[in-house]
S.K.: 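Dropping a structure here in structure tokens format, bear with me for questions.
Only a predicted model underlies this, so the values are computations on that prediction, with no experimental measurement involved. Both backbone and side-chain heavy atoms feed into the values below; hydrogens, waters and symmetry mates do not. Chain naming here is simple, since letters A, B, ... match the order of the sequence lines and numbering starts at 1 in each.
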There are 2 protein chains.
Amino acid sequence: MVQVDRATSRGGMGYRAIADALRAEIDTGDLAPGSKVPSENELMSTYGVEQPTARRALEVLKNEGLIVARRGAGTFVREFRLYRRRSPARLAESGWNAGRSIWQTDDAKRPTSIDHIEIATVDAPDHVASVLGLQDGEKAVVRRRRYLVDDVPIQFATSYYPEPIVRGTQVAEKNTGDGGVYARLAELGCKPVDFREELRSRMPREAEAKLLDLAQGTPVILVVRTAYTAGGQAVEVNEMVLDSSSYILEYGFSSS
Amino acid sequence: MVQVDRATSRGGMGYRAIADALRAEIDTGDLAPGSKVPSENELMSTYGVEQPTARRALEVLKNEGLIVARRGAGTFVREFRLYRRRSPARLAESGWNAGRSIWQTDDAKRPTSIDHIEIATVDAPDHVASVLGLQDGEKAVVRRRRYLVDDVPIQFATSYYPEPIVRGTQVAEKNTGDGGVYARLAELGCKPVDFREELRSRMPREAEAKLLDLAQGTPVILVVRTAYTAGGQAVEVNEMVLDSSSYILEYGFSSS
DNA sequence: TAGTGGTCTAGACCACAGC
DNA sequence: CTGTGGTCTAGACCACTAC
């Protein structure tokens, strides 16, 4: 009796091979975005495997962010709709920058909104206190809010400001007035003029996935913006959590 | 006889609850980076579940990028070592930008190298040809290479240049000479002075995961840099694939 | 009600690391 | 050799969706 390598071939296909086959169909477009992927039952008969094995194949593609399952309905190839964020924002104007982009978006007319606004005065986390130069006992005003495009959440942001500077101003109120927080800071003699943004990407924590309604296999992009006055003082730290499946980030700069 | 909701509680814990418990231990530091996570056998007896269930719990954390399994050895809490990439590079010099960063790195003395260098003349992909303004039939010189830090691959980059411009120059050779490609382009009257970088993040394709030796649950960051001459002509498109677990990206800019 | 995805058991065997 | 992670079967039951 011939003994077949069970873990790898077993004469049939393993869940990896099934995942590869489906992924290939997605890549070539045979399975177009939005279309239905074969059900577990169909995979079982097509590839001659049991349900858990068929299931694991789909699990792989879910974790790669290629498909989404809807219980009772089926599993579908994922569709993406990207939103472009430019830093600095003036990049949106024409210039060498107006040329063709690698990825196309159509954000111009998509309705945007904000919800979940929360304002508080807190002891800032150590890393934030350090950047803002807060002394022992000095607090921070924190503003949290969620951004939506087409009523879909795509970003959650948490901004910190030195409490001694913004105490009693509109920075600590829901309505920050014309020009927003930066205009208020300017009136306080702390106009932000230099900016640094630090970025990372990783898989989301559970709370982040819930807040942004992320599908399995969707990383988040962490953007931390620090704003400095002309004097070099940091007056804002803004920690943003972005749904990576909804964003293209764009930066522009010139050599000296 | 009391009927317990089987899918959720069953009296014991589901794989999600087990994953939550382990994740909490990682978050609090009870399970420190590098330390060994309970084996499948231990989870089975601790939580009174079968092996596949214990296994699925670990699978969740793997897909979140929190742990890595080494067959025969065990499963371990992941350790990260971050490398900082600054754009523009001059940000490295002092100034308002020299202040404390949110994430700390120690790249200064880590040895970096390049391998897998490949150079070819090809028909550029449509989106690249469009950006470079290539006419029908005009080709592109493409340079591919992989970047390593501490002999660990962290980035794979593919650069395209208009073949009519760089034909027969060192841009199309392995050794690009002093100052690299940008110095050669300058000599050709095509000095890059303006830059745009577009970023995305997503889970890696299989080929990307292999090339960068990525652990499960590790997204990639896609960076596409387009370089323009003073005349506004695009002379380089550089598509980079970054291991998100190894990188912090930093951008700086000033208002007006 | 039928079909689809989601969870779990019970048990088997394979591949690999470390002692 | 033992223990660890990796793969698979066979069969059960639950929860949800669409008809």
S.K.: Do the side-chain N and O atoms of A/Ser201 and B/Arg202 include a donor-acceptor pair separated by under 3.5 angstrom?
M.R.: no

S.K.: Between B/Glu50 (CD) and C/dT9 (P), how many Å, whole number?
M.R.: 6 Å

S.K.: C/dT4 C1' sits how many Å from A/Arg70 CZ, rounded?
M.R.: 12 Å

S.K.: D/dG3 C1' sits how many Å from B/Phe76 CZ, rounded?
M.R.: 12 Å

S.K.: Please state whether the phosphate of D/dT4, meaning OP1 or OP2, lies under 4.0 angstrom from any side-chain nitrogen or oxygen of B/Ser39.
M.R.: yes

S.K.: Which residue in the set B/Ile67, B/Asp30, B/Val60, B/Leu61 passes side chain to side chain contact (heavy atoms under 4.5 Å, CB included) when paired with B/Leu22?
M.R.: B/Leu61

S.K.: C/dT7, D/dG11, D/dT17: which one has an atom nearest the side-chain heavy atoms of B/Arg16?
M.R.: C/dT7

S.K.: What is the separation between atom CD on B/Glu40 and atom C1' on C/dA10, rounded to the nearest whole Å?
M.R.: 15 Å

S.K.: On DNA chain C, check which nucleotide each of B/Tyr15 and A/Ala73 is closest to and give me the residue with the more 5' one.
M.R.: A/Ala73

S.K.: By nearest nucleotide on DNA chain D, pick out whichever of A/Val49 and B/Pro38 is the more 5' one.
M.R.: B/Pro38

S.K.: With no hydrogens and no angle check, do the side chains of B/Arg145 and B/Ser159 hold a donor and an acceptor under 3.5 Å apart?
M.R.: yes

S.K.: Between D/dT4, C/dA10, C/dG5, which nucleotide gets closest to the side-chain atoms of B/Pro52?
M.R.: C/dA10

S.K.: Using the ring of A/Phe76 (Phe, Tyr or Trp, six-membered ring only), decide whether A/Arg70 places NZ or CZ under 6.0 Å from its centre and within 45 degrees of its axis.
M.R.: yes

S.K.: Return the nearest nucleotide to the side chain of B/Arg56; candidates are D/dC8, C/dG5, C/dC8.
M.R.: C/dC8

S.K.: Take the protein atom CZ of A/Arg55 and the nucleotide atom P of C/dG6, then report the distance between them rounded to whole Å.
M.R.: 4 Å

S.K.: On DNA chain D, compare the nucleotides closest to B/Arg71 and A/Gly72; which residue's is nearer the 5' end?
M.R.: B/Arg71

S.K.: With nearest nucleotides of DNA chain C determined for A/Gly74 and A/Gln51 from heavy-atom distances, which residue corresponds to the more 5′ nucleotide?
M.R.: A/Gly74

S.K.: Can you measure B/Glu59 atom CD to C/dG6 atom P for me and round it to whole angstrom units?
M.R.: 15 Å

S.K.: Compare every heavy atom of B/Tyr15 with every heavy atom of B/Thr53, then report the nearest pair and how far apart it is.
M.R.: O-CB, 3.6 Å

S.K.: For a quick test of reading the model: is some side-chain N or O of B/Asn41 closer than 4.0 Å to OP1 or OP2 of D/dT4?
M.R.: yes

S.K.: If you compare every side-chain N and O of B/Thr53 against the phosphate oxygens of C/dT9 (OP1, OP2), does one of them come in below 4.0 Å?
M.R.: yes

S.K.: Which whole-number value in Å describes the distance from A/Lys36 NZ to C/dT4 P?
M.R.: 6 Å

S.K.: Could you state the atom-to-atom distance from CE of B/Met44 to P of D/dT4 in whole Å?
M.R.: 11 Å

